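Comments concern the structure below.
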Amino acid sequence: MARPRYTALLMIVTIDGVAASGKSSVSSGVAQALGVPYVSSGLLYRAATLLGLEADLDLRGAPDLLNLLGAHPVRLEPLAGGNRVWQGERDLTDDLHSTRVDRGVSVVAALPEVREWVDAQLRALPEPFVAEGRDMGTNVFPHAPHKFYLTASARIRAERRARERPEDVPAIEADLQRRDELDTVQSAPAPDALVIDTGPLDLQGVIDTILTRLH
């Protein structure tokens, strides 16, 4: 379909949604169409989770996690085609999507102190960009002019994720349902967000739905 014209005043687009709803892939596609970076907040939570697990910390202990992050700072590198997360010269990115990180990240993301740490890093980034992750439109960038929220059934999300990982669909679905319950507070859509059910759409269909609103 024909691409809309994008205004030069476009600054921030937020794409929120439930776990495994396609936020990263959609955000990357939208960012590439706009010619701007996309920012994956979830990778920062995953980095905090990974480092906490490697240090054998209690993931519910915000002071210990923040001390660890202060002693070993991480840096998000936002790119249109995909984000990278660095700890010094170590690229953490490929280690952030393991099952053990999946199972711990909701616990870490629920800690107010860790959320403040992530939000501060995101707000320091130069505009324009596409911001992807939980509560981007409700808390981190409530002033964003364009907000979207992606959703789909747990079964559809599990089937999609199973194509990326060698795990059974029922097991993934159960994990996603558990995460949905843990993420209830952070996963609510902004009142002014357009909610998109990604179930009946392919990736390009979701991207096009968003792009048609950005003109």
Side-chain angles (χ1 to χ4, degrees), residues 1-43 45-46 78-84 93 96-97 102 105 122 127-138 140-142 144-170 172-177 179-180 183-184 186-215:
M1 64 183 294
R3 300 287 190 220
R5 290 182 176 273
Y6 305 110
T7 173
L9 297 178
L10 175 66
M11 301 304 286
I12 298 176
V13 176
T14 65
I15 300 179
D16 296 56
V18 294
S21 58
K23 296 187 297 293
S24 296
S25 298
V26 170
S27 297
S28 177
V30 171
Q32 290 183 64
L34 297 175
V36 301
Y38 96 87
V39 175
S40 178
S41 67
L43 291 183
Y45 290 111
R46 286 177 173 275
L79 303 167
N83 287 204
R84 313 299 295 181
T93 312
L96 299 182
H97 294 285
D102 282 352
V105 68
L122 298 178
E127 303 175 8
F129 52 77
V130 176
E132 171 262 309
R134 304 301 173 83
D135 69 12
M136 289 297 99
T138 54
V140 187
F141 301 112
H146 304 286
K147 302 176 184 178
F148 302 91
Y149 184 91
L150 308 184
T151 188
S153 71
R155 173 49 63 107
I156 288 175
R157 289 181 282 145
E159 290 171 348
R160 290 172 175 169
R161 180 154 284 184
R163 292 195 287 267
E164 303 170 356
R165 306 180 187 181
E167 298 178 43
D168 293 334
V169 169
I172 299 175
E173 183 178 13
D175 276 344
L176 288 174
Q177 290 172 332
R179 285 192 61 188
D180 288 347
D183 295 341
T184 299
Q186 288 82 25
S187 64
D192 54 343
L194 174 66
V195 178
I196 302 173
D197 183 353
T198 68
L201 300 171
D202 62 10
L203 174 59
Q204 191 59 51
V206 181
I207 293 170
D208 288 339
T209 299
I210 292 174
L211 292 177
T212 57
R213 295 296 186 109
L214 303 179
H215 59 81

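The structure displayed is predicted, hence computed values, not measured ones. Counting begins at 1 with the first residue of the sequence. Atoms considered below: every heavy atom in the structure, side chains included; atoms not considered: hydrogens, waters and symmetry mates.
Arg155 meets the salt bridge (Lys or Arg N to Asp or Glu O under 4.0 Å) test with Glu173; sequence neighbours excluded. Residues satisfying the side chain to side chain donor-acceptor pair (under 3.5 Å) criterion with Arg161, sequence neighbours excluded, are absent altogether. A search for side chain to side chain donor-acceptor pair (under 3.5 Å) contacts involving Thr14 returns nothing, not counting sequence neighbours. Under the side-chain contact (heavy atoms from CB on, under 4.5 Å) criterion, Leu201 pairs with Ile196, Val206, Thr209, not counting sequence neighbours. Ser24 meets the side chain to side chain donor-acceptor pair (under 3.5 Å) test with Glu132; sequence neighbours excluded.
The structure places CG of Leu96 at 14.5 Å from OH of Tyr45, a figure rounded to the nearest 0.5 Å. To the nearest 0.5 angstrom, Ser153 atom OG is 9.5 Å from Gln177 atom CD.
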How far apart are the C-alpha atoms of His146 and Ile15, what are their side-chain angles, what is the distance that settles it, and do they pass the side chain to side chain contact (heavy atoms under 4.5 Å, CB included) test?
CA-CA 9 Å; His146 304 286; Ile15 300 179; over 6 Å; no
Determine whether Val13 and Leu214 satisfy the following criterion, side chain to side chain contact (heavy atoms under 4.5 Å, CB included), listing intermediate values before the conclusion.
CA-CA 9 Å; Val13 176; Leu214 303 179; 4.1 Å; yes
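Nearest approach of Pro37 to Pro128, heavy atoms of both residues: CD-O, 3.6 Å. The two atoms that bring Ser27 and Tyr38 nearest to each other are CB-CD1, 3.7 Å, heavy atoms only. Of all heavy-atom pairs between Ser21 and Arg160, the closest is O-NH1, 4.2 Å. Ser41 and Leu122 make their closest contact through CB-CD1, 3.5 Å (heavy atoms, listed as atom of the first residue, atom of the second, distance). Pairing each heavy atom of Ala158 with each of Leu176, the nearest pair is N-CD1, 3.6 Å. Minimum interatomic distance between Leu211 and Ala33 (heavy atoms only, all atoms of both residues): CD1-CB, 3.7 Å.
A side-chain donor-acceptor contact under 3.5 Å links Lys23 to the backbone of Val18. Remark: side-chain polar atoms of Asp16 are paired, donor with acceptor, to backbone N or O of Met136 under 3.5 angstrom. Put simply, the side chain of Arg84 never gets that close to the backbone of Thr93: no donor and acceptor are under 3.5 Å apart. The backbone N or O of Ala19 sits less than 3.5 Å from a side-chain atom of Arg157, completing a donor-acceptor pair.
By the 4.5 Å heavy-atom criterion applied to side chains, Ile12 and Phe129 are counted as neighbours. In this structure, the side chains of Leu150 and Val26 come closer than 4.5 Å at one or more pairs of heavy atoms.
Counting only residues at least two apart or on different chains, the salt bridge (charged side-chain N to carboxylate O under 4.0 Å, His left out) pairs with a member in residues 192-207 are Lys147-Asp192.
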